[in-house]
Amino acid sequence: MITFECVYIKDILECASFSISEGSSCVILTASEPEKISLLKVFTGLLMPDSGRISFFNKDISSVSHTELNQLRQKIGIVPADGGLVSNLKVWENIMLPLMYHRNLSQQAIHDVEEKMKNIMNKLDYDDEITRLPGHLPIYKKRLAGLVRAMLMEPDIIIYNSVLEGLGSDIKEKVIKIINTFHTEKKGRVSLFISSDERLLNDIKADSIYMLKYGRFNERD
Amino acid sequence: MSGKEIVRKRIIVYPSELVYLLYNAFKNIPSFKIKPVRTVFLRQVYFCGIETFGKMVFIGLFAGIVIITQITNLTGLGSGVLTGKILIWVIVRELGPLFAAIIIIARSGTAISAELSAMNVNREIENIEMMGIDAEKYLIMPRVFALSLSAVMLTFYFEFAALFGGITATSVFWDIPFEQYTTGMLSSLTITELIASLVKSILFGFGIASVSCVNGLAVSESITQIPQAITRATIHSLLIIFILDVIITVVFFI
């Protein structure tokens, strides 16, 4: 589903190769925060390879048009470490934004999605006002809103950026449970965890673990 | 950066960026069918064109009183027709679009450049792109058209209030009947005046929007660059509206 073939991107990747197959989960550990942010840009096509090939769903992202790239991005859900919320939109508007933008939803469909959103939020014990702007929220709550937003899109690939960082044990347990359920909900769904904190491995049981070192992905046992 | 490089950047690159942004805005017009894009557009129109209604009428009324007082001093009390003509020429041809543009620069142009630069620094635009949302369609295009529509609305408020304020002032202060001025005004208010005023306000709106967006998007590294971007956007917007004003005035009235 995701394939890197000898990808070179200046200062980030040096002939890096790896692949993730359908239905699997994978952890990529980076040495630093900037490396992690750059990697996230690579996975969303914001940074293109200088040489080599990156494929999502068997499509080379360097050769697709801008519109096709945006269509691919719709199949990839991102949970940024800071939530990635737009500061001038209310929390619920942020959560609904990609769905409302990409899909022409009927009133009934919007109602159903809102119900689903409330359901996930209840499971996460998210008790803050979602009709307020996100500025006042702590980072982990913004991240939880980002998590709900990504899940509502029902993506084929979901990328979690430092998703468990700074969470208390109680909420961490709930997030892990939701992530595991979400992974198995759709056949072939890929879950990719990117973090610069090795402690993630204590909580997430992935099918494969890679270390990004000297611009290459090294698989760990 | 060498002198040659600076000149190239200011004379070729920067204007090309402004034109390219407007070209993309027009190209992305079909995105109005997307609901969140329409929401951004309507919010901007509300902020720029509707919330400013009271202030613009207030400024218009007082500007009208000041202008008619000066004209009456110049032409004397008996020249109602001439006074009406000058009032139309000054307000509809020039001051209406210009005042609307200045208010838009002060209120909305600065807000847009501050908002976009803050979004860029906080990597919000990047996050929007990661979701497959084209920032040019979602953030830029609705702002460009909203600002242009708002410029037309503010021009209309100003012109109406200034003409009304001017005539009312003469009736109240000098006891001159309404008809004396309205005759001169109506005879001077040709379709050319109205089109020139409309064209000016639309183009001023596009100019301010492109300058504000380009300068806002240029900030990407540090929050301390935001005030610099706002100042640059304000000065460049003023510059561009005066350049456009000269061009349109020459085209229409020479």
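First the proteins, then the strands, lettered A, B, ... as listed; each starts at 1.
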Q. Where does B/I133 contact chain A at under 4.5 Å (heavy atoms): side chain, backbone, both or neither?
A. both
Q: Measure B/E115 against the heavy atoms of chain A and call it side chain, backbone, both or neither at under 4.5 Å.
A: side chain
Q: Measure B/I125 against the heavy atoms of chain A and call it side chain, backbone, both or neither at under 4.5 Å.
A: neither
Q. Heavy-atom distance under 4.5 Å to chain B: side chain of A/Q71, backbone, both or neither?
A. neither
**Q.** Partner chain B: residue of A/R149, A/Q74, A/H102 with the largest heavy-atom pair count (under 4.5 Å)
**A.** A/H102
(Q) For the interface with chain A, which of B/D134, B/N122, B/T39 has the highest count of heavy-atom pairs at distances below 4.5 Å? (A) B/D134
(Q) Out of A/N104, A/L97, A/I78, A/L72, return the one with the most heavy atom pairs under 4.5 angstrom to chain B. (A) A/L97
Q: Just give me the residue among B/E126, B/K137, B/R123 that pairs up with chain A most often, heavy atom to heavy atom, under 4.5 Å.
A: B/E126
Q | Minimum-distance pair of heavy atoms, taken over all atoms of B/G165 and B/L61 | A | CA-CD2, 3.6 Å
Q | Part of A/P80 within contact of chain B (heavy atom distance under 4.5 Å) | A | side chain
Q. Does the side chain of B/Y138 come under 3.5 Å of the side chain of B/N28 through a donor N or O and an acceptor N or O?
A. no
Q | Partner chain B: residue of A/L89, A/L69, A/I37, A/I76 with the largest heavy-atom pair count (under 4.5 Å) | A | A/I37
Q: Give a yes or no on whether the backbone of A/N180 and the side-chain of A/T184 come within a donor-acceptor separation of less than 3.5 Å.
A: yes
Q. Would A/F4 and A/F43 count as a close aromatic pair, with their ring centres under 6.0 Å?
A. yes
Q) So which of A/K186, A/K75, A/R73 actually passes salt bridge (charged side-chain N to carboxylate O under 4.0 Å, His left out) with A/D156? A) A/K186
Q) Between B/M119 and chain A, which part of the residue has a heavy atom less than 4.5 Å away: side chain, backbone, both or neither? A) side chain
Q. So, does A/H111 use its side chain to make a donor-acceptor pair with the main chain of A/S106 at under 3.5 Å?
A. no
Q.
Treating B/R107 as the side-chain partner and B/F47 as the backbone partner, does any N or O pair qualify as donor plus acceptor under 3.5 Å?
A. yes
**Q.** Between A/S87 and B/E124, a side-chain donor and acceptor under 3.5 Å
**A.** yes
